[in-house]
Amino acid sequence: MDPADGLLDHPYDVYRRLRDTAPVHRIAGPDGTPAWIVTRYDDVRAALADPRLSLDKRYATAGTYKGFSLPPALDANLLNMDPPDHTRIRRLVGRAFTPRRIEQLRGPIRRTADGLLDELGFHGTADLIASYAAPLPITVICDLLGIPDEHRLDFRVWTDTLVAPDPAAGPAAAKEAVVAMLGFFTRLLADKRREPAGDLLSDLIAVRDEGDRLSEDELMSLAFLILFAGYENTVQLIGNAVLALFQHPGQLAALRKDPARLPAAVEEFLRYEGPALLAIRRFPVEDVGGTSRFERSREPGDIGGVTVPAGETVWVSPSAANRDPDRFSDPDRLDLARDASGHLALGIHYCLGAPLARAETEIALAALLERFPDLALAEPTPRWRNSLRARGLLALQVSY
């Protein structure tokens, strides 16, 4: 049996086998094309920092990678760029996407969370994903960008179609979602230019740095990325955290007793069941091989003892790394008292959206646990989404 068999259905069992027997392993990627998967903590961390592994799809060998088929106006984003373009755009965005701005959102986030819980009533049953974990981040990110209320459901449908497509819908559904998003952002940016407001999108249009500014494609791609990642990562993280607490009642009781532990608990949720099984794919700009293990040397070498040819797709798995017993003791156990610092759920560099995702998750859990002291799981085995890109639940039925 191939040690990667069952990756979608039982990822952590597969990751355990891979770390033990084939830590850098050739698999069929999410799109069916060949790829390498990296699973040990030291190798994953090294690969994320290795400048020879490019995010730019132009380095992919022809016919070996498919991924999303996005037009240039949505594809010129940070997930597809290396320095110096990546550095330049981050510098520009950082002038508008500030920590102070995120901190100012904490009050609105709590009001949104309380409003969604008000709609649930005092007792009953509900799908916590559809009624709480999903509408909370989409409301927050749309408020941040200045997107009108009437389009927010559209964005949930579009992002779900791209990340976890319905096989029955076929490839046409994803293409339609991309066309719809492109048309919407084109109109929205034109409106913001005519009538700037106090939102992030208006600020990104106006931001400059020594005369430099975002191009039209960069601006539209950035708006797409902020919306897409800001929604997807947070909805999965909230849902996964709630399920993990149900599965560890002792940890749930400890968190109810001491809610001040929530910020540290969010880091453990990220480590234990982060929102992505695989990080953004990378492509070697040269054959990555040699005689030394890269994780033990800063000299050019291989990845975990394996030579990867130039242009082939490399998937590094933060979820596998975060369950590596060489880095975290008893890693398959949720432990909210653990020092989870060093987890790789959000990469190794400062992620612009990380403070927002952390704040939303912390506030969402605090509001939920305060409101419903008898919250309980109402289904024995919640179903996971059919996606390696987004580790999240299809639904989470609860009683309260």
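The first residue of the sequence shown is numbered 1, and numbering continues consecutively from there.
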Any side-chain heavy-atom pair from Val308 and Leu53 closer than 4.5 angstrom?
no

Mind running side chain to side chain contact (heavy atoms under 4.5 Å, CB included) on Asn322 and Val44 for me, showing each step along the way?
CA-CA 10 Å; Asn322 290 338; Val44 168; over 6 Å; no

Is it true that Asp20 and Arg17 have a side-chain N and a carboxylate O under 4.0 angstrom from each other?
no

Sidechain N-carboxylate O distance under 4.0 Å for Glu268, Arg261:
no

Do Phe283 and Thr64 come close enough that some side-chain heavy atom pair is under 4.5 Å?
no

Would the distance check show the side chain of Ser221 and the main-chain N or O of Ala76 forming a donor-acceptor pair, the cut-off being under 3.5 Å?
yes

Quick check: closest heavy atoms across Arg106 and Glu362, and the distance to 0.1 Å?
NH2-OE2, 3.1 Å

Counting only heavy atoms from other residues, nucleotides and ligands, does the tally under 6.0 Å from CD of Glu195 exceed 12?
no

Distance (rounded to the nearest 0.5 Å) between Leu79 CG and Leu225 CG:
4.5 Å

Side chain Arg281, main chain Leu55, donor-acceptor under 3.5 Å
yes

Would the distance check show the side chain of Asn80 and the main-chain N or O of Asp75 forming a donor-acceptor pair, the cut-off being under 3.5 Å?
yes

Measuring from atom CZ of Arg371 to atom CZ of Phe122, what distance do you get when rounded to the nearest 0.5 angstrom?
7.5 Å

For side chain to side chain contact (heavy atoms under 4.5 Å, CB included), just list the numbers for Arg327 and Arg45, CA-CA rounded to whole Å, side-chain angles, deciding distance to a tenth of an Å, and then say yes or no.
CA-CA 11 Å; Arg327 176 60 180 80; Arg45 189 174 183 88; over 6 Å; no

So, Ser317 side chain and Leu277 main chain: donor-acceptor pair closer than 3.5 Å or not?
yes

Quick check: does any side chain N or O of Tyr132 sit under 3.5 Å from a backbone N or O of Ala364, one acting as donor and the other as acceptor?
yes

State plainly whether the residues Asp13 and Arg16 are in salt-bridge range, i.e. N to O under 4.0 Å.
yes

Do NZ/NE/NH1/NH2 and the carboxylate oxygens of Asp335 and Arg333 come within less than 4.0 Å?
yes

In terms of relative ring orientation, are Phe184 and His151 parallel, tilted or perpendicular, with 30° and 60° separating the classes?
tilted

Taking Val316 as the fixed residue, which of Ile303, Leu48, Ile280, Asp50 is the one that meets the side chain to side chain contact (heavy atoms under 4.5 Å, CB included) rule?
Leu48

Does the side chain of Ser54 pick up a donor-acceptor pair with the side chain of Asp56 at under 3.5 Å?
no

Compare every heavy atom of Gly121 with every heavy atom of Tyr400, then report the nearest pair and how far apart it is.
CE1-O, 3.7 Å

Do Leu243 and Pro382 touch side chain to side chain, with heavy atoms closer than 4.5 Å?
yes

Whether the side chain of Thr234 engages the backbone of Thr361 through a donor-acceptor N/O pair (distance < 3.5 Å, no angle test) should be reported.
no

For Leu74 and Met220: C-alpha separation, side-chain torsions, deciding distance, then whether side chain to side chain contact (heavy atoms under 4.5 Å, CB included) applies.
CA-CA 6 Å; Leu74 297 180; Met220 196 173 301; 4.1 Å; yes

Measuring from atom CG of Leu18 to atom OG1 of Thr39, what distance do you get when rounded to the nearest 0.5 angstrom?
5.0 Å

Closest heavy-atom pair and its distance - Pro34, Arg26
CB-NH2, 3.5 Å

Looking only at the aromatic ring of each residue, does the gap between the centers of Phe185 and Phe224 stay below 6.0 angstrom?
no

Hey, is the main chain of Arg19 close enough, under 3.5 Å, to the side chain of Arg40 for a donor-acceptor pair?
yes

Test item: Leu334 and Gln247 side chains (from C-beta on) under 4.5 Å apart, heavy atoms
no

Please report the shortest heavy-atom distance between Ala197 and Ser202, naming the atom on each side.
N-OG, 2.9 Å

Return yes if some donor-acceptor pair links the side-chain N/O of Thr125 with the main-chain N/O of Ser399 below 3.5 Å, else return no.
no

Is there a side-chain contact between Tyr15 and Leu7 (heavy atoms, below 4.5 Å)?
yes

With Leu222, which of Leu201, Leu214, Asn77 fulfils side chain to side chain contact (heavy atoms under 4.5 Å, CB included)?
Leu214

Could you tell me whether Arg213 and Glu218 have a side-chain N and a carboxylate O separated by less than 4.0 Å?
no

Give a yes or no answer on whether the side chain of Asp287 reaches the backbone of Thr307 with a donor-acceptor pair at less than 3.5 Å.
no

So, Arg101 and Asp203, do they make that salt bridge, N to O below 4.0 Å?
yes

Run the side chain to side chain contact (heavy atoms under 4.5 Å, CB included) test on Leu365 and Phe269 for me, step by step, so that the C-alpha distance in whole Å, both residues' side-chain angles and the decisive distance to 0.1 Å come before the verdict.
CA-CA 11 Å; Leu365 294 175; Phe269 294 134; 3.6 Å; yes

Any side-chain heavy atom of His25 within less than 4.5 Å of one from Val306?
no

From Glu370 atom CD to Leu368 atom CG, the distance as rounded to the nearest 0.5 Å
10.0 Å

Using side-chain heavy atoms (C-beta onward) and a distance below 4.5 Å, is Leu145 in contact with Leu200?
yes

Can you tell if the side chain of Glu360 reaches within under 4.5 Å of the side chain of Leu105, non-hydrogen atoms only?
no

Do we get Arg323 above Tyr272's six-membered ring, with its NZ or CZ under 6.0 Å from the centre and within 45° of the axis?
yes

Common cluster, Leu8/Tyr12, ILVMFWY with side-chain heavy-atom separation under 4.5 Å:
yes

Can a salt bridge be assigned to the pair Arg100 and Glu103 using a cut-off of 4.0 Å between side-chain N and carboxylate O?
no

Spacing of CG belonging to Asp114 relative to CZ belonging to Arg111, to within rounding of 0.5 Å:
9.5 Å

Are Lys192 and Asp199 within salt-bridge range, i.e. N to O under 4.0 Å?
yes

What are the two closest non-hydrogen atoms of Leu336 and Ala265, and how far apart are they?
CD2-CB, 4.0 Å

Closest non-hydrogen atom pair between Pro108 and Gln104, with its separation
CD-O, 3.4 Å

First locate atom CG of Leu204, then atom CG of Leu92, and finally report the distance between them rounded to the nearest 0.5 Å.
9.0 Å

Between Glu267 and Arg358, is a salt bridge (charged side-chain N to carboxylate O under 4.0 Å, His left out) present by the stated rule, with each step listed?
CA-CA 8 Å; Glu267 299 309 310; Arg358 287 181 165 104; 2.6 Å; yes

